[in-house]
Amino acid sequence: IGAMMIPAGALTLTHVTQPWQFCLVFGLMIGFLGNATLFAPLITTATRWFERYRGLAVAVVASGQGLAGFIWPTVFDVLIADYGWRGALFIYGCFAMVAMPPLVILLKGNPPGWSAMQAERVSDDRSAFRMGSLSENVPHALLCAAILCCCIAMAMPLVHIASHARDIGYTSSDGALLLTWIMGSSFIGRLGMGAFADRIGGLQAMLIGSGMQALGILILAPFDNFAVLLLGATVFGLGFGGLVPMYAVALRSIYPAKGLGWRVGVIFLFGATGMAMGGQLAGSMFDWTGTYRWAFLIGFAFNVVNLFLIVTVMTLRGRPQPLVGTTA
């Protein structure tokens, strides 16, 4: 569905004439029926196919989104300059229509143990999927609250770093460089943290990623020196890039594979909500105070809450076992 709706939405957008039509098509086809149907299932699939290197596999899948965010803006900039925004969307839609469905077909096979997983699901609940008891879902609820807090903190520099750079006296190009630096660092952070999680466990990797994100925000908030801002962008990018995919790895270490799809979907629903809240809150704080520094510090506070929630889950579940050396 997602592989067809994203290009179909892009091609449909080339014919809209009103702003509300643009928002409706983009939100419904590319967002709700497109991107939303791809990310969580792809992450869940990676957790089911891999045991020994599950953290790295999830990180590789998630890094595609970060790498795309690094590449496509530049491509669109050139296409829009040459063909206009309608022409750019038409070219992208044609490319996605040719490229995405065949790639999804490559994932058609079932992961190891699929038949046993299906039989177990049926035996648990013959009428619907089993959501589990209240006590069973406490770690899941805590992780939902954790990703909400970390994404509120994450969105503040991520959405507003370019504007913050201009606000403190730098050019638009300097602001773009900081954002590009963050995205490039996040790509490295995802791969590195994924490999790290295979040795120490998903929750421990989350704790490290969250700590790095908090440190990066703390560096970005008070300083004006561009070299220091680059340092903060590097630490922040490595942290946030490695943090988000680890929620799926941590879930898979706590819950069985049979019901993981809806749990991953709920986790990333809370994450997307946090991103929206963080971006809006930082903008409102700037309108009120005239600076992004206070918004970044509020983001740091949300990040501290995220660290507390991760430690709470670790305390409830005990030390997760490393995945390296286990068998499929």
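Worth saying up front: this structure is predicted, and the values here are computed from it rather than measured.
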For a quick check under 3.5 Å, do Ser284 and Asp287 share a side-chain donor-acceptor pair by atom type? no
Under 3.5 Å, is there a donor-acceptor pair between the side chain of Arg86 and the main chain of Val16? yes
Inspect the surroundings of CZ in Phe39 and state if more than 12 heavy atoms from other residues, nucleotides or ligands are less than 6.0 Å away. yes
More than 12 heavy atoms from other groups under 6.0 Å of CD on Gln21: yes
Given the rule in the side-chain contact (heavy atoms from CB on, under 4.5 Å) test, do Leu297 and Trp294 qualify, once you have shown the distances and angles that lead to the verdict? CA-CA 5 Å; Leu297 291 175; Trp294 287 109; 4.1 Å; yes
If I compare all heavy atoms of Leu178 with all of Ala165, which pair ends up nearest, and what's the gap? CD1-CB, 3.9 Å
Applying the side-chain contact (heavy atoms from CB on, under 4.5 Å) test to Trp262, which of Val264, Val266, Leu260 qualifies? Val266
Without swapping roles, check the side chain of Arg252 against the backbone of Ala248 for a donor-acceptor pair under 3.5 Å. no
Is there side-chain contact between Trp72 and Val75, with at least one heavy-atom pair below 4.5 Å? yes
Please determine whether the number of non-hydrogen atoms from other residues, nucleotides or ligands lying under 6.0 Å from atom CD1 of Ile1 exceeds 12. no
Report yes if some heavy atom in the side chain of Phe50 is under 4.5 Å from a heavy atom in the side chain of Val60; otherwise report no. no
Heavy atoms, side chains only, cut-off 4.5 Å: are Met314 and Leu207 in contact? yes
Run Met29 and Thr12 through side-chain contact (heavy atoms from CB on, under 4.5 Å) and show every step you take. CA-CA 9 Å; Met29 297 182 71; Thr12 302; 3.9 Å; yes
Pairwise distance SG(Cys150) to CZ(Phe270) - rounded to 0.5 angstrom: 13.0 Å
What are the two closest heavy atoms between Ala36 and Pro41, and how far apart are they? O-CD, 4.5 Å
Mind listing the closest non-hydrogen atom pair of Tyr292 and Ser163 along with its distance? OH-CB, 3.5 Å
Gap separating the CZ atom of Phe286 from the NE2 atom of His160, nearest 0.5 angstrom: 10.0 Å
From the options Ile168, Ile161, Ile219, select the one residue that forms a side-chain contact (heavy atoms from CB on, under 4.5 Å) with Leu229. Ile168
Considering only heavy atoms from C-beta outward, does the side chain of Thr47 approach that of Leu251 to under 4.5 Å? no
Work out which heavy atom in Ala205 is nearest to a heavy atom in Ala197; give both atom names and the distance. CB-CB, 3.8 Å
Note: Asp167 and Gly290 closest approach over all heavy atoms is OD2-O, 3.9 Å
Tell me, do Leu11 and Cys94 make a side-chain contact under 4.5 Å, heavy atoms counted? yes
Would you kindly confirm whether Leu103 and Met97 end up in one hydrophobic cluster when ILVMFWY residues are joined by side chain heavy atoms under 4.5 Å apart? no
Is there a path from Val104 to Met4 through hydrophobic residues (I, L, V, M, F, W, Y) whose side chains come within less than 4.5 Å of each other? no
About how many Å separate CZ of Phe240 and OG of Ser185, when rounded to the nearest 0.5 Å? 9.0 Å
Rounded to the nearest 0.5 Å, how far apart are CZ of Phe296 and CG of Asn303? 13.0 Å
Any chance you could measure Ile147, atom CD1, to Leu142, atom CG, to the nearest 0.5 Å? 13.5 Å
Compare all side-chain heavy atoms of Leu158 with those of Leu179 and state whether any distance is below 4.5 angstrom. yes
Can you see which heavy atom on Trp181 is nearest to which on Ala233, and at what distance? CD1-CB, 4.2 Å
May I ask you to test the Ile217-Met156 pair for a side-chain heavy-atom distance under 4.5 Å? no
With a cut-off of 6.0 Å (strictly less than), are more than 12 heavy atoms of other residues, nucleotides or ligands near CZ of Phe90? no
Between Met206 and Asn306, does a side-chain contact (heavy atoms from CB on, under 4.5 Å) hold up when you go through it step by step? CA-CA 10 Å; Met206 284 173 59; Asn306 170 261; 5.8 Å; no
Step by step, would you call Glu136 with Tyr255 a side-chain contact (heavy atoms from CB on, under 4.5 Å)? CA-CA 9 Å; Glu136 182 181 340; Tyr255 297 102; 4.1 Å; yes
With heavy-atom distances below 4.5 Å as the criterion, would you say the side chains of Leu177 and Phe226 are in contact? yes
Spacing of CG belonging to Leu220 relative to CG belonging to Leu215, to within rounding of 0.5 Å: 9.5 Å
Does OH in Tyr247 sit with more than 12 non-hydrogen atoms of other residues, nucleotides or ligands closer than 6.0 Å? yes
Should we say atom CZ of Phe268 is surrounded by more than 12 heavy atoms from elsewhere, each under 6.0 Å from it? yes
With clusters defined by side-chain heavy atoms of hydrophobic residues (ILVMFWY) lying less than 4.5 Å apart, directly or transitively, does Leu230 cluster with Leu218? yes
Given the rule that I, L, V, M, F, W and Y join up when any side-chain heavy atoms are under 4.5 Å apart, are Tyr83 and Val78 in one cluster? no
Kindly work out whether a path of hydrophobic side-chain contacts (I/L/V/M/F/W/Y, heavy atoms less than 4.5 Å apart) joins Leu269 to Ile30. no
